[in-house]
Structure formats: structure tokens, C-alpha cells
Asks: 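To start, I am sharing the structure in question, which I have written as C-alpha cells.
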Protein chains: 2
Amino acid sequence: MKHLIIDDAMRLLPNWQEAFPEVGVVSRQQAMHDEPQVNAMYWLRLGVEEFPAQVISSLPQPGKLVVLADEPREVNVLESLTAGALGCCNTHAAPEVLRQVEIVVGNGGLWVGQSLLQQVLVSTSRVLESKARDLPGEDWKSQLSEREVGVARLVAAGESNKEIAAELAITERTVKAHLTAIFDKLQVRDRLQLSLRVNGLKL
Amino acid sequence: MKHLIIDDAMRLLPNWQEAFPEVGVVSRQQAMHDEPQVNAMYWLRLGVEEFPAQVISSLPQPGKLVVLADEPREVNVLESLTAGALGCCNTHAAPEVLRQVEIVVGNGGLWVGQSLLQQVLVSTSRVLESKARDLPGEDWKSQLSEREVGVARLVAAGESNKEIAAELAITERTVKAHLTAIFDKLQVRDRLQLSLRVNGLKL
DNA sequence: GTGGCTATTGCACCAAAGTACAACCCAAGA
DNA sequence: TCTTGGGTTGTACTTTGGTGCAATAGCCAC
């Protein structure tokens, strides 16, 4: 695996050389004009105030791209991944970490740092916990028929009965019938509470 | 790093031996009674219908534990992590993947599969993005009066107008008045969409 | 076939949600 | 003082949501 750092200042940090002795450096201009190499991994160094999505979208899509940020904030990490990067880590990460990233990304995985992962887990904990309560089959889905699950999802997305009816090509009356059944099975009283349940915010 | 598989059937799959030639196998009974080895990594093989949390909690807490599931579903992965495991992957994963897991977990990381990670990221991205938008004060709260924020919160929690009225010691009519104002300011059409907005699930 | 489950729909009805128009009180400012 | 904005409420109205009762139809298992 060949490694290429994309950095306008053409800097080459010691931790990089230690991790990948044969690492190369190119400017963004070069990266933009050269044809992307399939067997290479690109490491894009971002400035502190830059927006990952903008920079990434201005580059041609190489096979494997990892973003290097001086002060990676969670938002940036997400933005990077959304824009197509396969990972995002600290510019000054230890060589072992860099090699770890290489392995994971090289095998088709996504790499995110532990801190982000924990943050993600924390901020999703409500959802996750409710999902985890799946165990005894207390999942909302398990108690509903296939059709009912579909209706419940649309309701939870904020659609009206009329809209749902149109979308599913059935009568509004039928939608109501499904809802009545759902309310009964899930022991909720109206569509809003159903929404909270489906979105994992309650019970 | 020493590797030990915990499997009552004492099976030893080829992919395991390929990944870790010196891998050993013990039953759950043994694992339960032997004192846990600090420098070892434990790989717990789970049956299809078993609940990770139950099994894990029945074992002594070894330093590093990874769960192996035949058909890992997201829920199981989450449950495993919650119960203290550092990762969860497919029993029949390729040797490269297994070594990858070893590296990440060995370095103090958590390992989750790509599919789960994407799921988690998807379900969190909305929340984080809305958090990111916090900065410029584009928060839903900023557009509402103090009283309206209170009403919006209760609505988002699933309460009815009548309940909100009782709770705030005002008339149901007043609640409606506030809601009409809120809908207008936030450009949503009903209480459910307001709920989605307040709970950071939409827009 | 028969019974049970799901999906579908109609009609009628009630309750809750939401709107339109208007009024009153009160506090903070110009 | 007069104005402005938030909070409050009333009457009357429309719309949407939700239920009860009932009917039809397809599918699957016993």
C-alpha cells in the first residue's frame, strides 16, 4: 500500500515517516490534477478553520481517503465521513495509531477515534438503550405486522393520515384502522406518543 | 498477546487458527472458574438465540473480551458493548478481520463493524448536526418566547393540550394560542412535527 | 372446509387539534 | 403618554385524529 499525504505546505511530520517510511507528499493542486491511484491511500491534511466537506468535494474521489485534522472535533469527523472519507484522525497521532488506521481502512472499514465513538455512543444512548431493550421482544416492531410497521414509521416521520394514505395507495380510513391497532398493541394513546416510541425517545 | 476462545462446544474454526495459530479453547465453566489472565484476549462465542448481556454478566470480567456471534445484529452488538465487551464481530470473519480486531482492542479501542458504525452514525448525524447548528443560535428555542419554549417542551414530550393546560395552570385555549404562535414561528404544521423539531430529529 | 390473522374499506360519531377574530391585562420603553 | 409585545382568555368554526361496528377478501394451517 502506497501512502500519499495531501498538504499544500508539503510538510512531512516525523510521526508520518515513522509510520510509513515511504510516505510521499503532494499539494492539493497536484492531487486534483493527477489521476487517482487505486492502490494508494490518501491522507488529507486539513487546516484548523477549514471545512472538511468543501475540501474533500474539491478533490477527485480517490479510493481511500483519510482526513487529518489538527484539532479534530466531532462535527468535523462526521462531516468528513459524510463527504466520503473513510476516517479522520489527529494529524499528530502516534505512528501506531496511524498504522492502525491504515489496517482498518485498508480492509474496507471506517475508522473513527475512540473519543468520537464514545461521544456518538453517549449521544445515542437513549436510542441505543431502547434498542437494547429489544431482548424480551419488547421492540415496537416485533409486536406489529409488517404493514403496521410501515404506517408507524411514516407517522413517526411526521406525516398526516392523508399523506400516508396517498403514499401507501390506500384509504385514509385504512390508515386510521392500522393506527388504532398499533395504539392498542403498543399501549400508546396517540400518534405523537407513537412517534416518541418509534424514535426511541420514550419507554 | 494470548488468545482464548470461550465455547462450550470447544470448537476451533479454521479462520481462528489461521488468524491466531496458538489460539486456545475453553468452556464457559472453565472460564468462569479460572482466574482471568490479564495479558490474554477472550473471544466469547455466542449461540444464535442467546442474549449477550446475560452470558457476559455470568462470566468473570477478564481484561479484554470480544463477542463472536453467528449472525450479529446491531442490537446484539450494542448489548455486548454495554455489558462490557470491547467488540463484537462475526464468528466466521476472515482472519484478517480478526487480527484487525485484535489490534484495535489490544490498543485499548472499541471495535464495531462497519455496518453498525454506519447505522450509529446515521442515527446520530442528525442529532450532531443540529448540535453543530447550535453555534449560530439557530436553535428552535431562540425564536420562541420563554413561555412558548415551555409549552413546546411539553408537547414534544407527548402531552395533550388538556394536560399541558393543567400543568401550567392556564386554559386549554391559551395552550392552543401558544401552539399556533409556535407553529407559525417554527414553520411546522402540527404538534408532531414540532416534537420532531424539538427532539432534534428533523430540520 | 373452517377458523384465525391481516389488510382493506364504509359509515357514523366523538374528541382533540388547530384557526379566525377579538378582547383584556401588564410591563418595558420611546 | 402612547406604543409594543407577551400572556391570557372567549366564542365560534373547520380540520384532523381516533373509535365502534361491520363487511369483504386473501392467505395459511389444522
Side-chain angles (χ1 to χ4, degrees), chain A residues 130 134 136-203, chain B residues 49 134 136-203:
Chain A
S130 69
D134 255 352
E138 283 177 27
D139 187 23
W140 61 274
K141 283 194 240 81
S142 64
Q143 312 177 45
L144 305 181
S145 75
E146 202 172 328
R147 195 58 154 169
E148 287 165 346
V149 170
V151 174
R153 281 228 174 78
L154 294 177
V155 166
E159 300 193 14
S160 70
N161 290 345
K162 200 187 296 280
E163 289 171 334
I164 296 173
E167 206 162 325
L168 299 182
I170 55 180
T171 314
E172 192 175 340
R173 179 63 188 84
T174 308
V175 176
K176 289 183 177 181
H178 286 307
L179 276 177
T180 303
I182 293 171
F183 295 157
D184 184 48
K185 289 182 180 177
L186 261 43
Q187 288 288 293
V188 296
R189 70 174 171 208
D190 56 32
R191 58 201 303 109
L192 209 162
Q193 301 217 331
L194 171 61
S195 160
L196 295 178
R197 184 77 170 275
V198 170
N199 289 126
L201 298 172
K202 202 161 191 178
L203 257 182
Chain B
E49 293 300 331
D134 255 351
E138 285 176 27
D139 192 22
W140 59 273
K141 284 193 240 74
S142 64
Q143 311 177 47
L144 305 181
S145 74
E146 202 172 328
R147 195 57 156 170
E148 288 165 345
V149 170
V151 174
R153 281 229 174 77
L154 294 177
V155 166
E159 301 193 14
S160 69
N161 290 346
K162 201 186 295 279
E163 288 170 334
I164 296 173
E167 207 162 325
L168 299 181
I170 53 180
T171 315
E172 191 176 339
R173 179 63 189 84
T174 307
V175 175
K176 288 184 179 182
H178 286 308
L179 277 178
T180 304
I182 294 172
F183 295 157
D184 184 47
K185 289 182 181 177
L186 262 42
Q187 288 288 292
V188 296
R189 69 173 173 209
D190 57 32
R191 58 202 304 110
L192 210 162
Q193 301 215 331
L194 171 61
S195 161
L196 295 178
R197 184 76 171 275
V198 170
N199 290 126
L201 297 172
K202 201 160 190 179
L203 257 185

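Numbered from 1 within each chain, the chains take letters A, B, ... in sequence-line order. Quick caveat: nothing in here was measured; it's all calculated off a predicted structure.
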Asks: Taking atom P of C:dG10 as reference, at what distance in whole Å does atom CD1 of A:Ile170 sit?
Replies: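 Whole-Å distance recorded here is 11 Å.
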Asks: Please give, in whole Å, the distance from C:dT6 C1' to A:Asp184 CG?
Replies: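 It works out to 15 Å between those atoms.
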Asks: Of the options C:dA7, C:dT9, C:dA17, whose atoms approach the side-chain atoms of A:Thr171 most closely?
Replies: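 Between C:dA7, C:dT9, C:dA17, the one nearest the side chain of A:Thr171 would be C:dT9.
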Asks: Run the side chain to side chain contact (heavy atoms under 4.5 Å, CB included) test against A:Ala177 and tell me which residues pass, sequence neighbours left out.
Replies: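 By the side chain to side chain contact (heavy atoms under 4.5 Å, CB included) rule, A:Ala177 matches A:Arg173.
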Asks: Quick one: bend of the helix from C:dG1-D:dC30 to C:dA30-D:dT1 from 5 pairs per end, to 10°?
Replies: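 Rounded value for the end-axis angle: 30°.
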Asks: Measuring from A:Gln193:CD to B:Ser195:OG, what's the distance to the nearest 0.5 Å?
Replies: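 Reported to 0.5 Å precision, the distance equals 10.0 Å.
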Asks: Please list, in 5' to 3' order, the outermost nucleotides of DNA chain D lying under 4.0 Å from any heavy atom of chain B.
Replies: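 Range of nucleotides touched by chain B: D:dG6 to D:dT11.
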Asks: Please enumerate all residues that pass side chain to side chain donor-acceptor pair (under 3.5 Å) together with A:Arg153, with sequence neighbours excluded.
Replies: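 Residues passing side chain to side chain donor-acceptor pair (under 3.5 Å) with A:Arg153: none at all.
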Asks: Tell me: CD of B:Glu172 to P of C:dA16, nearest whole Å?
Replies: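 Rounded to the whole Å, the gap is 8 Å.
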Asks: Would you please name every residue forming a side chain to side chain donor-acceptor pair (under 3.5 Å) with A:Asn161, sequence neighbours left out?
Replies: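 Counting only residues at least two positions away or on another chain, A:Asn161 forms a side chain to side chain donor-acceptor pair (under 3.5 Å) with A:Arg191.
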Asks: Look up atom NZ in B:Lys162 and atom CD in B:Glu172, then write down how far apart they are to the nearest 0.5 Å.
Replies: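 So the gap between those two atoms works out to 5.0 Å.
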Asks: Who passes side chain to side chain donor-acceptor pair (under 3.5 Å) against B:Arg189, sequence neighbours left out?
Replies: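 B:Arg189 satisfies side chain to side chain donor-acceptor pair (under 3.5 Å) with A:Glu163 once adjacent residues are dropped.
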Asks: Below 3.5 Å is the cut-off: list the nitrogen or oxygen pairs between protein and nucleotides 23-29 of chain C, distance only.
Replies:
none

Asks: Where do B:Val151 and B:Ile164 come nearest, in terms of heavy atoms and distance?
Replies: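 Scanning both residues, the minimum pair turns out to be O-CD1, 4.4 Å.
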Asks: Is A:Thr174 touching bases, backbone alone, or none of the nucleic acid, heavy atoms closer than 4.0 Å?
Replies: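 A:Thr174: base contact, heavy atoms under 4.0 Å.
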Asks: I need the A:Thr174 OG1 to A:Leu168 CG distance, nearest 0.5 Å.
Replies: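 These two atoms lie 10.0 Å from each other.
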Asks: How many whole angstroms separate atom NZ of B:Lys162 from atom P of C:dA15?
Replies: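 Computing the B:Lys162:NZ to C:dA15:P distance gives 10 Å.
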Asks: Can you find a heavy atom in the side chain of A:Leu144 that is under 4.5 Å from one in the side chain of A:Leu186?
Replies: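 They are in side-chain contact.
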Asks: If you compare all heavy atoms of B:Leu196 against all heavy atoms of A:Ala156, which two are closest, and at what distance to 0.1 Å?
Replies: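 Looking at all heavy atoms of both residues, the closest pair is CD2-O, 3.4 Å.
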Asks: Within this structure, what is the CG-to-P distance between A:Leu168 and C:dA7, rounded to whole angstrom?
Replies: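 In whole Å, C:dA7 P and A:Leu168 CG are 11 Å from each other.
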Asks: Enumerate the protein-to-nucleotides 18-22 of chain C contacts in which both atoms are nitrogen or oxygen and the separation is below 3.5 Å.
Replies:
{"residue": "C:dG18", "atom": "OP1", "partner": "B:Arg191", "partner atom": "N", "Å": "2.9"}
{"residue": "C:dG18", "atom": "OP2", "partner": "B:Arg191", "partner atom": "NH1", "Å": "2.7"}
{"residue": "C:dG18", "atom": "N7", "partner": "B:Lys176", "partner atom": "NZ", "Å": "2.9"}
{"residue": "C:dG18", "atom": "O6", "partner": "B:Lys176", "partner atom": "NZ", "Å": "3.3"}
{"residue": "C:dT19", "atom": "OP2", "partner": "B:Thr180", "partner atom": "OG1", "Å": "3.0"}
{"residue": "C:dA20", "atom": "N6", "partner": "B:Arg173", "partner atom": "NE", "Å": "3.4"}
{"residue": "C:dA20", "atom": "N6", "partner": "B:Arg173", "partner atom": "NH2", "Å": "2.7"}
{"residue": "C:dC21", "atom": "N4", "partner": "B:Arg173", "partner atom": "NH2", "Å": "3.4"}

Asks: Do A:Leu154 and A:Val175 have side-chain heavy atoms sitting under 4.5 Å apart?
Replies: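 They are not in contact (no side-chain heavy atoms under 4.5 Å apart), so the answer is no.
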Asks: Could you list all the side chain to side chain donor-acceptor pair (under 3.5 Å) pairs where at least one residue sits in residues 176-185 of chain A, not counting sequence neighbours?
Replies: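 As it turns out, the side chain to side chain donor-acceptor pair (under 3.5 Å) pairs with a partner in residues 176-185 of chain A, which skip direct neighbours, are A:Glu148-A:Lys185.
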Asks: Can you tell me how far apart CG (B:Leu192) and CD (A:Glu159) are? Round to the nearest 0.5 Å.
Replies: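 Answer for the CG-CD pair, B:Leu192 versus A:Glu159, is 10.5 Å.
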Asks: I need the CG-P distance between A:Leu144 and C:dT6, as an integer number of Å.
Replies: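 To the nearest whole Å, that distance equals 10 Å.
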